Amino acid sequence: MPELPEVETIKRELMQQLVDKKITAVVVNNAKVIKQPSRSVFIKTVKGSTIKRIIRKGKLLIFGLSNGKFLTVHLRMTGQFVYPGDGIKSRVSFRLSNNRLLDYKDQRLLGELRVVKNFNNIPFVKELGPEPFDLTASKFESMLTNRKTKIKPLLMDQKFIAGIGNLYAAEVLFRARISPLRSALSLSKKEKRNLFNEIIKTLKEAIRCRGSSMDQYIQLSGKPGSYVKHHKVYDKKGKPCIVCNTAIKRISLAGRGTYFCPKCQK
DNA sequence: AATGGGACCTGCGCGC
DNA sequence: TGCGCGCAGGTCCCAT
């Protein structure tokens, strides 16, 4: 669910609400989401530390703790943070110095919480591609040269570029009028620049709207993000294209549901 | 290097 | 109404 705009939204809220709060207790209701280290060491390390800063790397959230360790959280499909929480349906709850709860919820239990010494050593971070906002159009262009793979799965490849998932890949390609089936190699210079500009514009707009609440994503406060109403193709199978009225198509590409306008996107 | 499949999980909506 | 099936925004791992 959560892609760069959603994770960035949560990061900003966590910064506003939680910096300099001490974690006084940790309750683990389901240890499946604790990937590293053991449940007991995890609790022991986090408990008693103060949250000093919040970092985002792609879709990964990182809490910098006062003891020098880092709590990293990947929300995967259905992870959520809720603050202040009530502990209900929470997989892990953090009690803070103001006596409020920060709840980590995760319906499908696919999320990952870790405590590490150095987050740069996590394989996911090590191999993570550049942040979109750190790129320029010409860098992006050169990244695409000689890539034979299809453009949509490539945009979703976190090693290629950080933060773009299935939803924003679809939206960005629609806005750039490029078919998800095209090979990266086949894009003209103009198309590459255009695609880059649409990536930046779309992600910024989505952050301004505080993300897209489809099914599971919510802001820290529990409120939905409003970018959904700007979606042009995602989850719109059979609906008319806003530009040409052609029915939006859904195909399966690299195992993922892929929405596009067969007429506008060439 | 690229592609395809399955695995990890739970719960929802659809068609029969 | 009840049940089985396919599907879900992410990532990793294996095989070809």
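None of these values were measured; they are calculated from a predicted model. To find a chain, count down the sequence lines: A is the first, B the second, and so on, and within it residues start at 1.
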Length of the line joining [X]:[atom1] and [N]:[atom2], which is rounded to integer Å:
X: M77(A); N: dC12(C); atom1: CE; atom2: C1'; answer: 13 Å
X: D157(A); N: dA2(B); atom1: CG; atom2: C1'; answer: 11 Å
X: R91(A); N: dT10(B); atom1: CZ; atom2: P; answer: 7 Å
X: E127(A); N: dG10(C); atom1: CD; atom2: P; answer: 18 Å
X: R250(A); N: dC14(B); atom1: CZ; atom2: P; answer: 14 Å
X: L61(A); N: dG10(C); atom1: CG; atom2: C1'; answer: 14 Å
X: D106(A); N: dA8(C); atom1: CG; atom2: P; answer: 18 Å
X: L128(A); N: dT11(C); atom1: CG; atom2: C1'; answer: 12 Å

Can you build the contact string for nucleotides 3-9 of chain B? Use B for base contact, S for sugar-phosphate-only contact, and - for no protein heavy atom under 4.0 Å. S----BB
Between F81(A) and F63(A), is the gap from one ring center to the other below 6.0 Å? yes
Please state the [atom1] separation for the pair [N] and [M] - nearest whole angstrom.
N: dT1(C); M: dT10(B); atom1: C1'; result: 23 Å
N: dC9(B); M: dG4(C); atom1: P; result: 23 Å
N: dG6(C); M: dG5(B); atom1: P; result: 15 Å
N: dC7(C); M: dG6(B); atom1: P; result: 12 Å

Tell me whether the rings of F196(A) and F140(A) are parallel (<30°), tilted (30 to 60°) or perpendicular (>60°). tilted
Return the orientation label for the F94(A) and F42(A) ring planes: parallel under 30°, perpendicular over 60°, tilted otherwise. tilted
Side chain proximity check, N166(A) to M156(A), heavy atoms < 4.5 angstrom: yes
Note, K59(A) side chain near H74(A) side chain (heavy atom, < 4.5 Å): yes
When all nucleic acid strands are considered with a 4.0 Å heavy-atom cut-off, which category describes [X]: base, sugar-phosphate, or nothing?
X: R147(A); answer: sugar-phosphate
X: G257(A); answer: sugar-phosphate
X: Q158(A); answer: sugar-phosphate

Applying a 3.5 Å limit to both distances, which nucleotide forms a Watson-Crick or G-U wobble pair with dC9(B)? none
Scan every strand shown for a Watson-Crick or G-U wobble partner of dT1(C), both distances under 3.5 Å, and answer none if you come up empty. none
Would you tell me whether Y227(A) and T202(A) have side-chain atoms, one donor and one acceptor, within less than 3.5 Å of each other? no
Would you say the side-chain atoms of Q219(A) and R210(A) include a donor-acceptor pair closer than 3.5 Å? yes
Less than 4.0 Å between a side-chain N and a carboxylate O, is that true for E205(A) and R208(A)? no
Look at H74(A) and dT11(C) and indicate whether a side-chain polar atom (N or O) is within less than 4.0 Å of OP1 or OP2. yes
